[in-house]
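Take a look at the structure set out below.
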2 protein chains.
Amino acid sequence: MSEGTATQRRPGRPRSQEADAAILRAAVDLLVERGAGEASIEQIAQRAGVTRATVYRRFRDKTQLLVQAVEAENGAQSESALTWPNVDRMLDDWAGYLGHSRHRRILRRLYGALDDFPELLAAYHESYGRRRAEGVRDTLHRAREAGHLPADVDIDFLQQLLSGAVLHHLGAYPDTTGADEIREYLATALRQVGYRPAPPGP
Amino acid sequence: MSEGTATQRRPGRPRSQEADAAILRAAVDLLVERGAGEASIEQIAQRAGVTRATVYRRFRDKTQLLVQAVEAENGAQSESALTWPNVDRMLDDWAGYLGHSRHRRILRRLYGALDDFPELLAAYHESYGRRRAEGVRDTLHRAREAGHLPADVDIDFLQQLLSGAVLHHLGAYPDTTGADEIREYLATALRQVGYRPAPPGP
DNA sequence: CCAACAATACGGTACAGCTCTGTATTTGAT
DNA sequence: ATCAAATACAGAGCTGTACCGTATTGTTGG
C-alpha cells in the first residue's frame, strides 16, 4: 500500500517539490510587494527561478496561484493554537502576529484586493480566519460570563469592532510598531467597550 | 478688467475646461473600477474622450492625476456641512454617505492603495478627512459632556474605533446595503462603547 | 538483473497579440 | 506667435501557447 494516500501515482517524471514550494513562496512575496493586481506570473516565475511554463502547468491562472499561495502561507502558520485560556493571552497572540511586518502587509493586500480578487480573502478566511474567529468568539463569551465584560455586550458585534480596530491599525500605524504597543492598542479598544481584567466586585 | 481674477491670460490657445473635467471624472471612475495600480493613463484618456498627450500635458504622472482627481471628487462634495448638532445627526450623515456605492468603493480603493499610492489617502485626508475628523471630535466631545457617553471614554480612540468600524463594514457588507441599515450598524457600534441617546441621570 | 520504452516534467526559446509608456512630430485653434 | 490637440513611433512588459531537447520516473521484456 505504497499509494494509500488516495493519490494515484501518475506515470512519468513527478513534479519537483522544490519548484512547488519556490513558486508558492515567490507568489506570496510578490503579493506582498506589489499587490495581487500588479504581481505578474512572469515575475513570480522569475523570482522562483522557474520558467513560466512550469507555473502554467500547475495553475490555471494568477487567481488560482495566489489562492493556493495564501492557503499555503498561513496553513504553515495555523499550527499554532487558535484557542486561548483568556482574553489577555488572546491579545498577546494577536499582538505577536500583528507585530510582524509581513503579516500586516499580507492582511492589507488581502483587504485591498477585495474588489478585484475576492477569492483571496475568502481563501484566507477559509483556511485560517474562520477557525480563528471561532476561538475569539469563545474567548469573548467566556470573558463575558466571568464578568470581565458587560452582560449586555453583543459578542458578535464586538468581534467585528475588533476586526475594524485591526484594520484601522494596519492603515494608520507604521509596520515597525512593536508588539507591546500593538497589545496596548488592542487592550485600549477592549477597555472602551467595558472590558475590565478585574471583575467588578460585589 | 477681463483678466481680473489674478489669472494672467496666457497667450495662445487656452486649455479646454471640458477636457479638464472629463479627465478628472474619468480618473475617479477608473480608480473606482480598476484601482489605482491598474488604472492606466491610456484608459483614462480614452474614457475622457481625449488623447494621452492631452493628459500628459496636465499631469506629470498617474499619481499626480489621481491625487487631483481625488481632491476634485470630494472637493465638490465637501460643501455639505461637516459639523453636526448632535451624534444622531452625525450618524444620519455618515449613513447617507456610506449608503452610496461609489463612496464605498472609493474609500476601499484609497485604503487598498495605501502601500502603492499613499499620496491618495493623504490627499483625501487633506481635502476632506481632516476637517471631517475635527467635526466628529467636536460632536463626540459634546456628547460626552452631555452625559451621553461615559465620562472616562477616550474620544480620540473612540474616533479610531469608529473609523475601524467603517472599514470593517466596507469590507464585510455588500455595497447595496441601505442607509438605514448602515445607520443601525453605526448606532450599534456606539452603543457598545456606552453611548446612550437618553442621558442616564436622574 | 538489465535494457528499452512510454509518459511526464523541466528549461529554454519562440511566437503573436495586446497594452502601456514616454517622446517626438505634425496639425490646428486663438 | 504660441500653445493645445491629434498623430506617430520606438520600446517595454505580460499573456498564453507551442515546440524542442533533456531529465526523471515507472513498466515491460529479455
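So that the names make sense, note that chain A is the first sequence line, chain B the second, and so on, each numbered from 1. Everything numeric here is computed off the predicted structure, so don't read it as measured data.
Listed pair B:Gln43 / C:dT19 fails the phosphate criterion, with no side-chain N or O lying under 4.0 Å from OP1 or OP2. The shortest distance between the side-chain N/O atoms of B:Ser16 and the OP1/OP2 oxygens of D:dA4 is not below 4.0 Å.
Relative ring orientation between A:Tyr195 and A:His148 is described as perpendicular, the plane-to-plane angle rising above 60° on a 0-90° scale split at 30° and 60°. Between A:Tyr173 and A:His168, the angle of the ring planes goes over 60°, which puts this pair in the perpendicular group of the 30/60° scheme. Taking the six-membered ring for Trp and thresholds of 30 and 60 degrees, B:Tyr111 and A:Tyr111 have ring planes more than 60 degrees apart, a perpendicular arrangement. Between B:His169 and B:Tyr185, the angle of the ring planes goes over 60°, which puts this pair in the perpendicular group of the 30/60° scheme.
Contact of the A:Leu190 side chain with the A:Leu162 side chain is registered, since non-hydrogen atoms from C-beta on lie closer than 4.5 Å.
Side-chain proximity of A:Arg15 to C:dA9, D:dA6, D:dT15: nearest is C:dA9. When each of C:dC10, D:dA6, C:dT23 is scored by its nearest atom to the side-chain atoms of B:Thr51, the top-ranked nucleotide is D:dA6. The side chain of B:Ile41 lies closest to C:dT21, out of D:dT15, C:dT21, C:dG12. Comparing atom distances between the A:Ala19 side chain and each of C:dG22, C:dC10, C:dG12 picks out C:dC10 as nearest. Of the candidates C:dT23, C:dC20, D:dT15, C:dT23 carries the atom nearest the B:Tyr56 side chain, counting heavy atoms from C-beta on. The A:Arg52 side chain lies nearest to C:dC15 when the options are D:dT7, C:dT21, C:dC15.
One atom, CD of A:Glu18, and another, C1' of C:dG11, lie 15 Å apart when rounded to the nearest Å. Protein atom CG of B:Asp61 is 11 Å distant from nucleotide atom P of C:dT23, rounded to whole Å. In this structure, the CG atom of A:Leu30 is 10 Å from the P atom of D:dC14, given to the nearest Å. When rounded to the nearest whole Å, the span between CD1 of A:Ile44 and P of D:dG16 equals 12 Å. Rounded to an integer number of Å, the gap from B:Arg34 CZ to C:dC20 C1' is 11 Å. In this structure, A:Glu42 places its CD atom 15 Å from P of D:dA12, rounding to the nearest Å. In this structure, CZ of A:Arg57 is placed 13 Å from P of C:dG12, rounded to the nearest angstrom. Between B:Glu38 atom CD and C:dT21 atom C1' the separation is 16 Å, expressed in whole Å.
Closest approach of A:Ala151 and A:Arg144 over heavy atoms only: O-CD, 3.8 Å.
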Quick tally for nucleotides 24-30 of chain D: nucleotides whose base has a protein heavy atom under 4.0 Å get B, sugar-phosphate-only ones S, the rest -, giving BBS----
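If you run salt bridge (Lys or Arg N to Asp or Glu O under 4.0 Å) between A:Glu33 and each of A:Arg109, A:Arg47, A:Arg102, only A:Arg47 comes through.
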